[in-house]
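Can you read through this structure? Questions will come right after.
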Amino acid sequence: MGLDWEVPGDRSKVEWFGAGPGEAYPDSCQAVRVGRFRATVDELQTPYVRPQENGNRADIRWATFTDGAGNGLRFVGEEPFHFAARRWTDQQLDAALHPSDLVPGPVIHLHTDHAVQGLGTAAVGPGVLPQHRLELGPADFAFTLTPLHQS
């Protein structure tokens, strides 16, 4: 439940204040802590043997996506939010059978989400537990976007 953006591909330096440094979902956030972190969009990916949803960052207060000179965008949520950024679409990710099937495109596909569903382990255990399921209902959320320009 959120917004999808296309960010210029050179805005690949990411900094955020929230959970990190690794990925976190509502049912898999035991190995993260809240702090200030930096990574590239490529470093945000978790290279699973079979490509699948990955790389979500949780409890985000703000995140920036900049180029080498520091130009880019700053996203600030009214409430903590989630983000995931990758160089391919969700459709390409779903269709990929191997990491080599994922060919980076010219833009960064950024998801800023008010809420995300837990992952569960249905392949080898239970599905998503009830407390981590995303249920249909009204939601209010807002982001402030600020351009970043270096002189």
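Keep in mind that what you see is a predicted model, and the values were worked out from it rather than measured.
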Residues in side-chain hydrogen bond (donor to acceptor under 3.5 Å, both in side chains) contact with Glu53, at least two apart in sequence or another chain: Tyr25
Contacts of type side chain to side chain contact (heavy atoms under 4.5 Å, CB included), residue Asp67, not counting sequence neighbours: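 Partners of Asp67 by the side chain to side chain contact (heavy atoms under 4.5 Å, CB included) criterion, ordered by chain and then number, come out as Asp10, Arg11, Ala69, Asn71.
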Evaluation steps, side-chain contact (heavy atoms from CB on, under 4.5 Å), between Arg50 and His98: CA-CA 5 Å; Arg50 185 179 193 289; His98 308 283; over 6 Å; no
Heavy-atom pair of closest approach, residues His114 and Ala139: CD2-CB, 3.9 Å
Pro99 side chain reached by Pro47 side chain, heavy atoms, under 4.5 Å: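 Not in contact.
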Residue list, side chain to side chain contact (heavy atoms under 4.5 Å, CB included) with Glu15, at least two apart or on another chain: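 By the side chain to side chain contact (heavy atoms under 4.5 Å, CB included) rule, Glu15 matches Arg36, Arg38, Trp62, Thr64.
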All side-chain hydrogen bond (donor to acceptor under 3.5 Å, both in side chains) counterparts of His111, not counting sequence neighbours: Asp4, Asp90
side-chain hydrogen bond (donor to acceptor under 3.5 Å, both in side chains) contacts in which one or both residues fall within residues 99-108, not counting sequence neighbours: none
Arg87 and Asp42, any side-chain heavy atoms less than 4.5 Å apart: yes
Student check: side-chain heavy atoms of Glu6 and Ile108 closer than 4.5 Å: no
Arg57 (side chain) donor-acceptor with Leu44 (main chain) under 3.5 angstrom: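 Checked: pair present.
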Cluster check Leu145, Leu148: I/L/V/M/F/W/Y, side chain < 4.5 angstrom: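 Looking at the clustering, Leu148 is in a separate group from Leu145.
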Donor-acceptor under 3.5 Å (Arg61 side chain, Asp59 main chain): yes
Side-chain hydrophobic cluster, 4.5 Å single linkage: members besides Leu102: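 Under the 4.5 Å side-chain rule, Leu102 groups with Trp88, Leu93.
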Any side-chain heavy-atom pair of Pro21 and Arg33 under 4.5 Å: yes
Single-linkage hydrophobic cluster, 4.5 Å side-chain cutoff, Val41 and Val7 together: yes
Counterpart residues, side chain to side chain contact (heavy atoms under 4.5 Å, CB included), relative to Leu73 (two or more places apart): Phe75
For His109, ring-ring contact (aromatic ring centres under 6.0 Å, His included) partners two or more places apart: none
Close side-chain approach of Val76 and Phe17, heavy atoms under 4.5 Å: no
Ring pair (Phe, Tyr, Trp, His ring centres under 6.0 Å) evaluation trace for Phe81 with Phe141: CA-CA 9 Å; Phe81 62 98; Phe141 59 98; 9.4 Å; no
Whichever hydrophobic residues join Leu97 through chains of side-chain contacts under 4.5 Å: none
In one Ile/Leu/Val/Met/Phe/Trp/Tyr side-chain cluster, 4.5 Å: Val32, Val34: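 No, separate clusters.
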Asp140 CG: over 12 foreign heavy atoms closer than 6.0 Å: no
Under the side chain to side chain contact (heavy atoms under 4.5 Å, CB included) test, residues paired with Ala63 that sit two or more places apart: Trp16, Ile60, Phe65, Phe83
For Glu23, side-chain hydrogen bond (donor to acceptor under 3.5 Å, both in side chains) partners two or more places apart: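 In terms of side-chain hydrogen bond (donor to acceptor under 3.5 Å, both in side chains), with neighbours along the sequence ignored, Glu23 is linked to Thr46, Tyr48.
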